[in-house]
Structure formats: C-alpha cells, structure tokens
There are 2 protein chains.
Amino acid sequence: MGTRDQLIDSSRELLWERGYVGTSPKAIQQRAGAGQGSMYHHFTGKADLALAAIRRNAAEVRADAEAVFAGPGTAPERIERYLRRERDVLRGCRVGRLAHDPDIVADAALRQPVEETFGWLRGRLAAVLAEGQSRGELAAGFDPVAVAATVAAVVQGGYALARAANDPATFHHAVDGVVQLLAAHATTRE
Amino acid sequence: MGTRDQLIDSSRELLWERGYVGTSPKAIQQRAGAGQGSMYHHFTGKADLALAAIRRNAAEVRADAEAVFAGPGTAPERIERYLRRERDVLRGCRVGRLAHDPDIVADAALRQPVEETFGWLRGRLAAVLAEGQSRGELAAGFDPVAVAATVAAVVQGGYALARAANDPATFHHAVDGVVQLLAAHATTRE
DNA sequence: GTCTATATCGAGATAGAC
DNA sequence: GTCTATCTCGATATAGAC
C-alpha cells in the first residue's frame, strides 16, 4: 500500500475517533508514518485529505448496510438484522460523527458525502419497509419514509446515548424499543 | 449580570454551536466582552469554565423536558408533545452534542453532567410510558425502559440526520415515524 | 477584579534541498 | 516523492501592573 493510501487510512481512523476539528495534520502524518512533505505532495491540505478519507468511510458504511438490505429474509427481518448487526457501539458511526463537526457542516464539499450517505440510507430503509408492506409482511398503518428516518435516527441517537453513558447497553435498549414497536405492525402468519 | 455569568453564558453558546474541542478561550472571552485576566480570575481554565457552562445547559434541558412530562394529558399525549416540542433543529441538543466530543467523553468530570442528563431523561420517559401502561392508555406489549431509550435516541439521531442534510425536515420525519409506531399501542377510547 | 505583556506549544502550510 | 527548515497564527496559560 502506497504512502497516499496510508495517509487516507490514518485520516479515516482519526476522523472516526476524534472528528475533523479534533484531528491535526501532524497526528495524521504520525499515524501514517509519513512526513509533512508526503502529505502536502499528495493532497493540497487537511480538507483535501479529509475529503478522500470521508468518501472511503462513506462507501464502507453503504456497503455494510447494503449487504443486509440485499440479503435474504422478510422486510421486518432485514430491518431487525440491520439494527442488531454487530457494531463497535462506543466508537459510533464513521459518517454520523461528522454531522456534529462544526467545520464539516459549514463546508459544503465536506458535508456532501455525509448528506449523500444518510440520504441513501433513508431511501434504502424506506424501500425495504415499503416492499414489506406491499408483500403483506408489514401492516400498512405507517409511512415508510417516516419510519425509515426513525430507524436511522435510532441508530445514530443510540450511539450518542451510549457514548454519554460510556456504556453500550443504552444503544441496545434503543434498538430493542424500536424493534418492539415495529413488531406490532408485523403481520402474524401461522 | 456579572462578568463571571457573562463568561458562562458565552461558553454555553459556543459549546452548543461548536462543541468543546472547537471552542477556544479567546472566542469565549470575546463573545463575553471580557479579557484574559477576567476569565482566569474566575476559573482555573477552559475545562473549569466549560464545566460550569455544561451544568447550566444540562439544568435547562431537564427543566424544559420536565415541563412537558409533568404537564397535563395522557402518557401518549405527553410523549408526543415532548417529541413535537418546538426546537431549533439545526442547532441540535445543547447536551447531546457534547457526547460526540472526544475531549468531553475522555474526561470523567466533563462527561458526568452529560451522562446524568440522559440517564435522567430516559428514566422520566420510562416512567411516563409505564404510567401510561398501568392506566391502560398504552398497551402492555413493550418494555417502557427500551422504548424510553428509543424515544430519546430518535430525538438525538434526528438532529444528526437533519444536520447531515442541512434540513430540519428529516428530524420531523423521524419523529413522525416513532409517533406512528407508538400509535399502534395506544388504546382506542371512544 | 481586570488589564496588558509574555511564554510555550501546536496547527497548518510553504520552500527548497535531496 | 520525501525530507527538513521555516513561517505565521492561534490555543492556552502565567505574571505582574493597575
């Protein structure tokens, strides 16, 4: 792997752990084992490198989620599998963290991949939910677009609650709750 | 209002807007109209001032929420009123934002008021939900503790989605979704 | 209590040698 | 491509005058 990729990977980790404001070029270089010269040769600056790193993180988040959505099972099963997928809860979401970073939100170019990722996620969740309704796996008494946003929000908010408590349990409670609420809309088949 | 209070208020605003890592003592002083000397006379440093500011923000968050929980109405009505309360969505939660700040989470003293606030919030939500079940306003088919975490997570996650999209609409979708899901558990009375 | 001066360090970037 | 030297600021804090 070239130095350029090592810089991107180092940046990906630090953006996940500390966000954009909390990550310095120096820290990125040290973790990558590269010097100043390398970084400013391959990238125009901190923002340019961060953008490359964010795009890769975003692609990974989408691929991980799509693996569940496109997998086997009924719609409610896939939603639950997405919610209960193994996660490093206290680290949180590689992309969602950036939505809380003032310098990311303020910069259209840096915010764009974050916006796209969550736009895509809500769209996919809504599609799965709508498919479940049309197949009769889920009752028709809710708006798939609204509940898709709810499911995505439970995951992101669950991370926040878990970090506040320094305990992953709260995340799992939040997931349990929405699974229970959704279960009331699953059509019984016996 | 004394200089000390102006420094705290200035810090409260900046912590809300930019988080702890993104807020400098200099910025706090300028917004407060105070000099270096004042700040370091009243507080031992950035962390000390931040702690005072966080505690006030936390108290305000709790008071705002309690006003709804202790108000009139059935349990599901109060939960919905809490969710639909007027909010400055794109600014997000004064306390929740800090759960994403690496230097807050890493410092036990700074994290404590954040943990307490969300512990309290989940407890109050759970109490309202349990009360609703015991009064027969809500069906018994869910765990109040789990759904309390879900409701709190929807709010925090809704802020994250809205900031990612730079559009408050997503927050309201997430709220709509959980209200719709919860409605299936409300006992019909006619 | 508040001010100004000063100190140290790191952030972020540029320049030019190799 | 990568290195070291250097630059400018701002972050954070201390010291001592007023």
What is the separation between atom CD on A/Q29 and atom P on C/dG10, rounded to the nearest whole Å? 14 Å

CZ of A/R4 versus C1' of D/dT2: gap in Å, rounded? 16 Å

Rounded to the nearest Å, what distance is computed from the CD1 atom of residue A/I28 to the P atom of nucleotide C/dG10? 17 Å

Could you tell me how far apart A/H41 (NE2) and C/dA13 (C1') are, to the nearest whole angstrom? 16 Å

To the side chain of A/H42, which of D/dG1, C/dG1, C/dA11 is closest? D/dG1

Please report the distance, rounded to the nearest Å, between CG in A/L14 and C1' in C/dA11. 14 Å

Output the rounded distance in Å from CG (A/D103) to P (C/dA11). 14 Å

Rounded to whole Å, how long is the line connecting atom CD of A/Q30 with atom P of D/dT4? 13 Å

As a test of reading the structure: which of C/dG12, C/dT2, D/dT12 is closest to the side chain of A/K46, going by heavy atoms? C/dG12

On the ring face of A/F118, is A/R62 found with NZ or CZ under 6.0 Å from the centre and within 45° of the axis? no

Look at the side chain of B/Y40 and decide which nucleotide, out of C/dG12, D/dT12, C/dT2, has an atom nearest to it. D/dT12

Does a side-chain N or O from A/T3 land closer than 4.0 Å to OP1 or OP2 of D/dT2, or not? yes

Would you say A/V105 ends up clustered with A/V21 if hydrophobic residues are merged whenever their side chains have heavy atoms under 4.5 Å apart, either directly or through other cluster members? no

What nucleotide among C/dG12, C/dA13, D/dA13 has an atom nearest to a side-chain atom of A/Q36? C/dA13

Students often mix this up, so state it plainly: with edges at 30° and 60°, are the rings of A/F142 and A/H185 parallel, tilted or perpendicular? perpendicular

Same cluster or not: A/V145 versus A/L125, using hydrophobic residues (I, L, V, M, F, W, Y) connected whenever any side-chain heavy atoms lie under 4.5 Å apart? no

Comparing A/T44 with A/K26, nearest DNA chain C nucleotide closer to 5' gives the residue A/K26

Could you tell me the separation between the CE atom of B/M39 and the P atom of D/dA11, rounded to a whole number of Å? 12 Å

Measure from NZ or CZ of B/K46 to the centre of the six-membered ring of B/Y40 and say whether it is under 6.0 Å with the direction within 45° of the ring axis. no

